[in-house]
Asks: 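Submitted below is the structure of interest, expressed as structure tokens.
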Amino acid sequence: MELLEQLVETARRQHEEADLPDWILEEINALRAAATPAHGRDDLLALLLLQLEDFDSYAGAGCFGDSVSAATISATLDRIRDGA
């Protein structure tokens with residue numbers, strides 16, 4: 001499965017199972033639908049996939065040290081979008 005398709009599937013699953021915010025799911029769908037979808041950004045796309053897999057809506061609260069927050073995912077999406 002292509003990396004962007006994995007991202008969409010993982011985001012959809014995390015949205016359903018772990019309360020991933022709607023706006024993150026929408027941004028990932030938009031990333032896949034873009035005319036030039038993040039070509040040459042495989043390193044950041046792979047990082048984003050790992051972050052989505054480790055998403056926890058309670059990340060940063062208490063002892064959820066291995067979890068990833070929506071803010072962390074948002075920062076990675078910004079880096080992909082900005083080409084940084």
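When a residue number appears, it is its place in the shown sequence, counting from 1. Since we're looking at a predicted model, the values are computed, not measured.
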Asks: Can you tell me how far the CG atom of D43 sits from the CG atom of L48, to the nearest 0.5 Å?
Replies: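 Answer for the CG-CG pair, D43 versus L48, is 11.5 Å.
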Asks: Can you see which heavy atom on P21 is nearest to which on F55, and at what distance?
Replies: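 Minimum heavy-atom contact is CD-CZ, 3.9 Å.
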Asks: So, for Q51 and T72, which heavy atoms are closest and what is the spacing to 0.1 Å?
Replies: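 For Q51 and T72, the tightest heavy-atom pair comes out as NE2-CG2, 3.4 Å.
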Asks: Going by heavy atoms in the side chains, are L47 and R79 under 4.5 Å from each other?
Replies: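 Result yes, sub-4.5 Å side-chain heavy-atom pair found.
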Asks: Decide side-chain contact (heavy atoms from CB on, under 4.5 Å) for L77 and I28; before the verdict, give the C-alpha distance in whole Å, the side-chain angles of both, and the deciding distance to 0.1 Å.
Replies: CA-CA 8 Å; L77 283 165; I28 290 172; 4.2 Å; yes
Asks: Atom CD in E2, atom CG in L45: separation rounded to 0.5 Å?
Replies: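 Result: 9.5 Å between the selected atoms.
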Asks: Identify the two heavy atoms, one from S74 and one from W23, that lie closest to each other, and give their separation to 0.1 Å.
Replies: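 For S74 and W23, the tightest heavy-atom pair comes out as CB-CH2, 3.5 Å.
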Asks: Please report the closest heavy-atom contact between L20 and A11, naming both atoms and the distance.
Replies: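 Minimum heavy-atom separation between L20 and A11: CD2-O, 3.5 Å.
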Asks: With rounding to the nearest 0.5 Å, note down the distance linking CZ in R41 to CG in L3.
Replies: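 Spacing of CZ (R41) from CG (L3) equals 12.5 Å.
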Asks: To the closest 0.5 Å, what do you measure between CG (L31) and CD (E26)?
Replies: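 Here the rounded value is 13.5 Å.
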Asks: Run the numbers on I24 and Q14 for side-chain contact (heavy atoms from CB on, under 4.5 Å), then give the verdict.
Replies: CA-CA 10 Å; I24 291 178; Q14 290 293 69; over 6 Å; no
Asks: Going from CG on L50 to OG1 on T10, what distance comes out if it is rounded to the nearest 0.5 angstrom?
Replies: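 Result: 9.5 Å between the selected atoms.
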Asks: Ion pair present between E9 and R13, side-chain N to carboxylate O less than 4.0 angstrom?
Replies: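 Judged by the 4.0 Å cut-off on N to carboxylate O distance, E9 and R13 do not form a salt bridge.
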Asks: Atom CZ in R12, atom CG in L7: separation rounded to 0.5 Å?
Replies: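 Answer rounded to 0.5 Å: 13.5 Å.
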Asks: Taking C-beta and beyond as the side chain, do N29 and R32 meet within less than 4.5 Å on heavy atoms?
Replies: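 Heavy-atom side-chain distance check passes, below 4.5 Å.
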Asks: Do L52 and L44 sit in the same hydrophobic cluster, where Ile, Leu, Val, Met, Phe, Trp and Tyr count as joined when their side-chain heavy atoms come under 4.5 Å apart?
Replies: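 Yes, L52 connects to L44 through the hydrophobic network.
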